[in-house]
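Structure first, then comments.
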Amino acid sequence: MSGLFDYAVPNDLTGVIEVGHRVRVPFGKRTVTGFVYALDTAPAVLELKPIEALVDAEPVLPPVLIELAGFVAAHYVVPLDEVIRAIVPPRVRAVVRRTVKRRRQSRILRQATGVPTASDIQLEPAQQAAKERIAVALGRQEGQVFLMHGVTASGKTEVYLALLAEVLAAGGQGLVLVPEIALTPQTVGRFGARFPGRLAVLHSSLTEAERAAEWWRIRRGEADIVVGPRAAVFAPLPRLRLIVIDEEESSAFKQERIPRYHAPTVARWLAHRTQSVLILGSATPSVVAYATALSGRAHLLELPHRAQGRPLPPVTVVDMRKEIATRHFSPLSQELQAAMAGSLERREQSILFLNRRGLATFVLCRDCGQVRECAHCSVALVYHAALGRLQCHYCGSSEPMPRRCPACGSRFIKSFGVGTERIEQEVRSLFPSSRVVRLDRDVMKTPDAADLVFDQMLSGDADVLVGTQMVAKGLDLPRVTTVGVVNADTSLHFPDYRSSERTFSLLTQVAGRAGRGTRASGVFIQTYTPDHPAIRHAQHHDYRGFYREELEVRRSYGFPPFGELIVATYGHRDEARAEGEARSAVEQLSATIGLLNLGDIEVLGPSPAFVYRLKDEFRFEVTLKGTDLQRLGERLPRGRGWSLDVDPM
């Protein structure tokens, strides 16, 4: 079902109703709220029910958002009503109007009064050159795309601030996207200090009432800058002139639930449609974005040095195989421990990064060898000491830590592997006087959780920050002099064509959290595969070297940027039926490709999904690889049980 239904426009609304209006319409035995997507003056073939009433005098959705919804629905092969739900907050769709106590003057904004304004900051030559090139495009009101490749701490944010000041002075508006909710407080603090009272924030930690209130502020033109993660790309800004996407390569910009959109791709369409400038900023651009810039389809700007002449921190690669050979079994190597001890003695700070939550990554019986798996998903349960339970990170189900093996009754059942909770315990054990804070999904229980952690680090009330990828990007903590990557191999061996890119990016970005102040700093990358290209190039902050090697791998396999991908997944509680439906789809697609002479498109599979059983459903994947996959159009598998992921990440 597309979510589009036809209604007649009554005489009293003819010439009044417009695209984007909210209306009340009969739907079955009830009356519901809907949005006008299109108007047609042709005579109706069938007798249609009439629209009952307008909800608002003016259209709620501006025409550009209606068009944007159509683009997302078509490009990502998803029903239009699902896109509208992603664009419009529930309380706006449900016509709920309520005054809410706003939290915009939060602690982070009050702290931000001491942040220098753009007029206080003198841009360095590379920053000024980048700003001037983008300002020319802004003046022409041409929808151009710029890739700003700047090393960590090169001052990209100062360029954004300076450009936003010019945009606002000319009566325009700006949109700033960040990959993680955890980064929003720091971004809000810096941008809010420069543009007090002109900022709106959109993210999932807001209550429904707060989201609706912010949405209406933006729609009425009362906020000139919107900051938020990926969903903020749908903000109803009427005078949009500048879009900034910081850390553009982050997989957090891809929505994993329907509609599975990619915010930078949506932003490209939006910039073109509104004739706005789009800036993609990163120290580690995605291979696709960098290749696009080198091909001339975007402008490449380079900030090759850190601001104020500060050096990039030296990176030491620690071969954990040698640690084991010397019978050192701590998850923190001897070199990393020594560096942390030095930082603590000098009253400096450390960051430890590990992209796994929990105390242990799996629980295993040493007698029969059985790993405790989720009852509903084909993944190992993770032990969380704070909960005292095993938990599934996919469906959320949990169970007590067993005292005996449920399979054989053995008492020799033990947790293995390392997560952030385990690292936190290790630090407290090694350095009993240290003040340790942790930042991962498990501690993000309240909207202010990230604020509190950052406040402790900024004020010097914490010595060590342990976290997942939330601590890897965007944070500016000048007291941090030691950074440790506990296990660089965590994301390296996934069945994902972007695993090397993702690993290189995370390592380079987390290394960039060190050396932002004036004190000497060091980074330690612990790994069992020190010769892997992602790790070799990350050690030297060598983006171009990594890009060249990775591009050749992509070329040999036809992966992006040399081809497109669509993954179609079929799920069913009956395993045989799931495989049968997927196999049938492969046969039909292969026949269609032959019939239409689309020999440049490959059909791969069916193969079990990475998480083979999810929430009691068995899942098989069919992958399409080639150029211009949209040529398959309506022939793509769809219907009950199927889900499509266009441009998967």
Side-chain angles (χ1 to χ4, degrees), residues 151-153 247 249-250 282-284 306 311-326 328-343 348-356 361 417-420 422-423 426-427 430 439-440 464-475 477 480-494 498-516 520-547 549-550:
V151 299
T152 56
E247 319 297 355
E249 80 290 348
S250 174
S282 181
T284 55
R306 281 191 158 185
L312 287 164
V315 178
T316 300
V317 173
V318 180
D319 188 340
M320 295 301 284
R321 296 171 299 183
K322 295 179 180 178
E323 292 286 309
I324 293 174
T326 60
H328 181 81
F329 299 115
S330 169
L332 305 181
S333 64
Q334 297 171 77
E335 286 181 90
L336 179 54
Q337 288 183 25
M340 292 177 66
S343 291
E348 298 165 352
Q349 295 172 322
S350 301
I351 290 179
L352 298 179
F353 165 76
L354 176 64
N355 220 15
R356 277 181 179 161
T361 51
V418 176
T420 48
R422 168 74 173 85
I423 296 302
E426 183 75 4
V427 174
L430 290 168
L439 186 61
D440 55 28
V464 181
L465 170 59
V466 178
T468 56
Q469 63 183 18
M470 293 181 179
V471 307
K473 299 181 179 183
L475 303 183
L477 300 169
V480 172
T481 55
T482 296
V483 168
V485 178
V486 176
N487 186 351
D489 308 326
T490 302
S491 60
L492 197 55
H493 305 297
F494 270 64
R498 292 183 71 237
S499 61
S500 290
E501 174 182 309
R502 190 168 297 160
T503 300
F504 173 82
S505 174
L506 280 171
L507 296 180
T508 304
Q509 294 278 5
V510 76
R513 299 317 102 203
R516 288 175 170 259
S521 302
V523 179
F524 298 84
I525 296 177
Q526 301 183 166
T527 176
Y528 292 92
T529 52
D531 296 324
H532 192 282
I535 292 170
R536 278 193 288 104
H537 292 298
Q539 180 178 13
H540 302 291
H541 308 276
D542 180 14
Y543 174 80
R544 287 188 176 181
F546 171 78
Y547 170 80
E549 262 191 81
E550 180 65 15

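- The CZ atom of Phe504 lies 12.5 Å from the OG atom of Ser491; values are rounded to the nearest 0.5 Å.
- Listed by chain and number, the residues in a side-chain contact (heavy atoms from CB on, under 4.5 Å) with Pro530 are Val317, Asp319, Arg321, Thr527 (sequence neighbours excluded).
- Counted by atom type alone, Thr420 and Asp440 present one or more donor-acceptor pairs between their side chains at under 3.5 Å.
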Can you list the steps and then say if Val466 with Leu354 is a side-chain contact (heavy atoms from CB on, under 4.5 Å)?
CA-CA 8 Å; Val466 178; Leu354 176 64; over 6 Å; no
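- Glu549 is linked by a side-chain contact (heavy atoms from CB on, under 4.5 Å) to Pro533, Arg536, His537, counting only residues two or more places apart in sequence or in another chain.
- Of all heavy-atom pairs spanning Gly484 and Leu336, the tightest one is CA-CD1, 3.9 Å.
- Separation of atoms CG (Leu430) and CG (Leu332) is listed at 6.0 Å; rounding is to 0.5 Å.
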Worked check of side-chain contact (heavy atoms from CB on, under 4.5 Å) between Leu352 and Val427
CA-CA 10 Å; Leu352 298 179; Val427 174; 3.5 Å; yes
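- Residues Pro331 and Ile423 have side chains in contact (heavy-atom distance under 4.5 Å, counting atoms from C-beta outward).
- Gln349 is not listed as a side-chain neighbour of Leu465, based on a closest heavy-atom distance of 4.5 Å or more.
- In this view, Ser343 and Arg346, Glu348, Ser350, Thr481, Thr482 satisfy the side-chain contact (heavy atoms from CB on, under 4.5 Å) rule, not counting sequence neighbours.
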Do Ile324 and Tyr528 pass the side-chain contact (heavy atoms from CB on, under 4.5 Å) test, and can you show the C-alpha distance, the side-chain angles, and the key distance before you say yes or no?
CA-CA 10 Å; Ile324 293 174; Tyr528 292 92; 3.8 Å; yes
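- Contact record, Val486 with Gln526: O-NE2, 2.9 Å, taken as the closest heavy-atom pair.
- Phe524 pairs by the ring-ring contact (aromatic ring centres under 6.0 Å, His included) definition with nothing, not counting sequence neighbours.
- The side chain to side chain donor-acceptor pair (under 3.5 Å) check on Ser499 picks up nothing, with sequence neighbours excluded.
- The ring-ring contact (aromatic ring centres under 6.0 Å, His included) test applied to Tyr547 returns Tyr290, not counting sequence neighbours.
- Here the closest non-hydrogen pair linking Ser282 and Glu247 is OG-OE1, 3.9 Å.
- Under the side chain to side chain donor-acceptor pair (under 3.5 Å) criterion, Thr490 pairs with no residue at all, not counting sequence neighbours.
- The salt bridge (charged side-chain N to carboxylate O under 4.0 Å, His left out) contacts involving residues 498-509 comprise Asp496-Arg502, Arg498-Glu501, Glu501-Arg554, where partners must be two or more places apart or lie in separate chains.
- Ala488 approaches Leu507 most closely through the heavy-atom pair CB-CD2, 3.8 Å.
- Gln539 places none of its side-chain heavy atoms less than 4.5 Å from the side chain of Ile525.
- Phe353 is linked by a ring-ring contact (aromatic ring centres under 6.0 Å, His included) to nothing, counting only residues two or more places apart in sequence or in another chain.
- Considering all non-hydrogen atoms of both residues, Thr326 and Gln334 come closest at OG1-NE2, 3.7 Å.
- The side-chain heavy atoms of Gln469 and Leu506, taken from C-beta on, include a pair separated by under 4.5 Å.
- In terms of the side-chain contact (heavy atoms from CB on, under 4.5 Å) criterion, residue partners of Ala153 (sequence neighbours excluded) are, by chain and number, Arg306, Arg516.
- Closest approach of Glu426 to Ser330, counting heavy atoms only: OE2-OG, 2.7 Å.
- Although no hydrogens or angles enter the test, the distance criterion places a donor-acceptor pair under 3.5 Å between the side chain of His541 and the main chain of Pro313.
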